[in-house]
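Okay, structure first, notes after.
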Amino acid sequence: RGNQTQVFDELQLAIVGDGDRRQISGSAKRLSASDEQWQFRMEADASILASDWNGELSLRGRNVDRTYLTQILGLNRPQIPSGALDISINSDWRAAKLQTASFEVEVPKEKTDDLDALKVHGNIRRLKDGWSLGFLPEQFGNETYTRESAPMVRVRWLDNSARLAWAISD
């Protein structure tokens, strides 16, 4: 989304075809961020240029600059604090459309001076008439949660509607 061209180096790419299965995997670093590491993997049962492929896509980023990440997500806000985070996304696709994705975002205390430690797990899921998003904190500042003790945040929005429903359970 951002309007800046990014240059990657140390690119490693593997493309494997086995019958109808296709697998693309690799890793890269941004030239301007030497500590940043990206890994990706995609497996599909047909050409990803077609509209009928099914598969899985995963992306992992380590030591990702928060400012860069918010820029590519279109969240260009000056109040976003600088620092690094780790992110992991695993997704499932059917007929070339996202069905589910799970994610984890972690900001270890040693990677930031201006934000408390944070670790969040979440998922997004396609519904028949919209989307569902849920996330669960594992760590927020000095507070550490178990799955049983963490407040679960759920958000649901409907296609073609301005309606949004959300709930926080504890």
Legend entry - Distance in Å, Ser88 OG paired with Gln39 CD, rounded so as to fall on 0.5 Å steps: 9.5 Å
Legend entry - Point-to-point distance, once rounded to the nearest 0.5 Å, from CG of Asn123 to CZ of Phe135: 11.0 Å
Inset, instruction - Search all heavy atoms of Ile48 against all heavy atoms of Ile24 and return the closest pair with its distance. - result: CD1-CD1, 4.2 Å
Inset, instruction - Report the distance from atom CD of Glu104 to atom CG of Asp86, rounding to the nearest 0.5 Å. - result: 8.5 Å
Legend entry - salt_bridge(Glu36, Lys29) N-O dist < 4.0 Å: no
Legend entry - Atom pair NZ (Lys119) and CD (Glu106), whose distance is rounded to the nearest 0.5 Å: 4.5 Å
Inset, instruction - Side-chain contact test, heavy atoms from C-beta onward, threshold under 4.5 Å: evaluate it for Ile15 versus Met42 and give yes or no. - result: no
Legend entry - Residues in side-chain contact (heavy atoms from CB on, under 4.5 Å) contact with Arg125, at least two apart in sequence or another chain: Thr100, Leu127, Ser132
Legend entry - Closest approach of Leu98 to Ser91 (non-hydrogen atoms, all atoms of both residues): CD1-CB, 3.7 Å
Inset, instruction - Give the intermediate values and the outcome of side chain to side chain contact (heavy atoms under 4.5 Å, CB included) for residues Arg60 and Asn90. - result: CA-CA 9 Å; Arg60 288 178 178 38; Asn90 295 301; 3.4 Å; yes
Legend entry - Inter-residue atom distance His121.NE2 - Ser102.OG, 0.5 Å rounding: 10.0 Å
Inset, instruction - Any pair with a residue in residues 47-59 that passes side chain to side chain donor-acceptor pair (under 3.5 Å), sequence neighbours left out, goes on the list, sorted by first then second residue, please. - result: Asp45-Asn54
Legend entry - Rounded distance (nearest 0.5 Å) linking atom CD1 of Ile124 with atom CZ of Phe103: 8.0 Å
Inset, instruction - Determine, stepwise, if the pair Leu59 / Trp38 fulfils side chain to side chain contact (heavy atoms under 4.5 Å, CB included). - result: CA-CA 7 Å; Leu59 176 67; Trp38 292 93; 3.7 Å; yes
Inset, instruction - Salt-bridge test for Glu43 and Arg21: reply yes if a basic N is under 4.0 Å from a carboxylate O, no otherwise. - result: yes
Legend entry - Partners passing side-chain contact (heavy atoms from CB on, under 4.5 Å) against Asp20 (at least two apart in sequence or in another chain): none
Inset, instruction - Indicate the atoms forming the closest heavy-atom contact of Ala50 with Ala96, along with that distance. - result: O-CB, 4.1 Å
Legend entry - Any side-chain heavy-atom pair of Asp65 and Arg30 under 4.5 Å: yes
Legend entry - Heavy-atom closest pair, residues Phe40 and Gln12: CZ-O, 4.4 Å
